[in-house]
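This report refers to the structure that appears directly beneath it.
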Amino acid sequence: MLIKAKNLSKIYGSGENQVIALQEANLEIDAGDFISIMGPSGSGKSTLLHLLSGLDMPTSGSLFYGEQDVYCLNDAKLSAFRRKKIGFVFQQFNLLPVLTARENILMPLLLDGKKEEAAYCDQLMELLGIKERMTHLPHELSGGQKQRVAIARALIAKPDIIFADEPTGNLDSKSGEEVMRLLADIREKMGKTIVVITHDERIAQMAKRRFTITDGILSGESGTTRKGRLQK
């Protein structure tokens, strides 16, 4: 499924207090792409991720997932669209402390009234190397294990694309590289599209397609219109 963002802009405030968080960003993401978007704090990278995933609405611009104009959906339909099509991984893990790793992973299915597919769940546990940690509470897990659980939770509903916002930000360098390699494996073995937001150049270089964002302006490797690359 081709994802096409055209002229995405996000402006906060007005007049002298106006802040341009994102300025006319154009991007195509094809099925199976592994993309990184790198920029310093305040550069607009998280704003871009929120717009690409439908978590926020732009001041102007359009976003299509295939033939679906995402910004034309009402709140209920957009929420359902995200649950079906998109998985999220965040820097803070966002695991519920009173639930086991397994219960955290299955939470999206329970919220959507769906049943667990045992074989698929086992496949995720095996791929992510957390099969022996399923009965543990989050405080009993290392940072890397928590992020693996969070990745499994993002994948449990079988989304087409995973958006990861600073997924290595709370990890040491070794654990961070392991998480990025896992995301690469997920793309390769499960056919998922991966978009990673990061401030770390070393992490960004592990992606197949690499972009930078500075002061709300998105730029790419070559400015061509090839799949997964910046458009002009």
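Throughout, residue positions are numbered sequentially from 1 according to the sequence presented.
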Does the pair Glu28 and Leu2 meet the rule for a side chain to side chain contact (heavy atoms under 4.5 Å, CB included), with working shown? CA-CA 7 Å; Glu28 283 191 2; Leu2 178 67; 4.0 Å; yes
Answer yes or no: is there a donor N or O on one side and an acceptor on the other, between the side chain of Gln91 and the main chain of Asp165, under 3.5 Å? no
With heavy-atom distances below 4.5 Å as the criterion, would you say the side chains of Val195 and Ile161 are in contact? yes
Group every Ile, Leu, Val, Met, Phe, Trp and Tyr by side-chain heavy-atom contacts under 4.5 Å, then state whether Met125 and Tyr120 land in the same group. yes
Pro97 and Pro138: which non-hydrogen atoms are nearest, and at how many Å? O-CD, 3.7 Å
Taking a hydrophobic cluster as the set of Ile, Leu, Val, Met, Phe, Trp and Tyr residues connected by side-chain heavy atoms closer than 4.5 Å, whether directly or through intermediates, do Ile197 and Val89 fall within one such cluster? no
Any side-chain to backbone donor/acceptor pair from Ser36 onto Ala204? Under 3.5 Å, distance only. yes
Regarding Asp33 and Thr193, is there a side-chain donor-to-acceptor distance under 3.5 Å anywhere? no
Shortest non-hydrogen pair, Ile130 vs Ala152, comes out as CD1-CB, 4.3 Å
Between Asn104 and Thr100, is there a donor-acceptor pair closer than 3.5 Å when you use the side chain of the first and the backbone of the second? yes
Residues Phe211 and Gly220: closest non-hydrogen pair is CD2-CA, 3.4 Å
Indicate every side-chain donor-acceptor pair of residues 51-67 with a distance under 3.5 Å to a residue at least two apart or in another chain.
unit_1: Ser53; atom_1: OG; unit_2: Leu49; atom_2: O; d: 2.8
unit_1: Ser53; atom_1: OG; unit_2: His50; atom_2: O; d: 3.3
unit_1: Thr59; atom_1: OG1; unit_2: Ile11; atom_2: N; d: 2.8
unit_1: Tyr65; atom_1: OH; unit_2: Leu52; atom_2: O; d: 2.7

When rounded to the nearest 0.5 angstrom, what distance separates CG in Leu106 from NZ in Lys115? 14.0 Å
So, are Asp172 and Lys174 salt-bridged, with charged N and O less than 4.0 Å apart? no
Provide the closest heavy-atom pair for Ile37 versus Leu218 in the form atom of the first, atom of the second, distance. CG2-CD1, 4.1 Å
Could you tell me if the side chain of Ile29 sits less than 4.5 Å from the side chain of Leu27, heavy atoms only? yes
Side-chain contact test, heavy atoms from C-beta onward, threshold under 4.5 Å: evaluate it for Glu177 versus Arg202 and give yes or no. yes
Under 4.5 Å between side-chain heavy atoms, hopping through other hydrophobics if needed: is there a path connecting Met190 to Phe163? no
Roughly how far, to the nearest 0.5 Å, is CG of Leu8 from OG1 of Thr47? 11.0 Å
For Leu73 and Leu78, work out which heavy atoms get closest and say how close. CB-N, 3.9 Å
Return the minimal non-hydrogen interatomic distance between Leu109 and Ala157, and the atom names on each side. CD2-CA, 4.1 Å
Can you get from Phe34 to Ile203 by hopping between Ile, Leu, Val, Met, Phe, Trp and Tyr side chains that sit under 4.5 Å apart? yes
Nearest-0.5 Å distance that lies between atom NE2 in His139 and atom NZ in Lys146: 9.0 Å
Side chain proximity check, Leu127 to Lys189, heavy atoms < 4.5 angstrom: yes
Measuring from Ile105:CD1 to Glu116:CD, what's the distance to the nearest 0.5 Å? 9.5 Å
Mind checking whether Ile151 and Leu124 sit in one hydrophobic cluster, side chains of I, L, V, M, F, W, Y counted as touching below 4.5 Å? yes
Quick one: does Lys45's side chain have a donor or acceptor within less than 3.5 Å of a partner on Pro40's backbone? yes
Backbone N/O of Leu128 and side chain of Arg148: donor-acceptor pair under 3.5 Å: yes
Run the numbers on Arg102 and Val149 for side chain to side chain contact (heavy atoms under 4.5 Å, CB included), then give the verdict. CA-CA 8 Å; Arg102 185 179 189 86; Val149 170; over 6 Å; no
What pairs meet the ring-ring contact (aromatic ring centres under 6.0 Å, His included) rule with one or both residues in residues 82-109, with sequence neighbours excluded? Phe88-Phe90
Any side-chain heavy atom of Met38 within less than 4.5 Å of one from Ser43? no
Whether Glu140 and Arg133 form a salt bridge (side-chain N of Lys/Arg under 4.0 Å from carboxylate O of Asp/Glu) is what I want to check. no
Decide yes or no for Leu155 and Lys192: does some side-chain heavy atom of the first lie under 4.5 Å from some side-chain heavy atom of the second? yes
What pairs of donor and acceptor atoms, side-chain ones from residues 15-25 against any protein atom, are under 3.5 angstrom apart with sequence neighbours left out?
none

Counting heavy atoms not belonging to Asn94, are there more than 12 under 6.0 Å from its CG? yes
I'd like to know if the side chain of Asn74 reaches the main chain of Ala76, judged simply by a donor and an acceptor atom lying under 3.5 Å from each other, with no hydrogens or angles considered. yes
I want to check something: taking the side chain as every heavy atom from C-beta on, are Glu166 and Val196 in contact at a cut-off of under 4.5 Å? no
Is the number of heavy atoms from other residues, nucleotides or ligands within 6.0 Å of CG (Asp75) greater than 12? no
For atom CD of Gln205, is the number of surrounding heavy atoms from other residues, nucleotides or ligands below 6.0 Å larger than 12? yes
Sole residue of Met107, Lys84, Arg83 in side chain to side chain contact (heavy atoms under 4.5 Å, CB included) with Asp112: Arg83
Please round to the nearest 0.5 Å and tell me the distance separating atom CD of Glu178 and atom CD of Gln147. 12.5 Å
Between the NZ atom in Lys4 and the CG atom in Asp30, the distance rounded to the nearest 0.5 Å is 12.0 Å
Quick check: do Met206 and Leu183 have side-chain heavy atoms less than 4.5 Å from each other? no
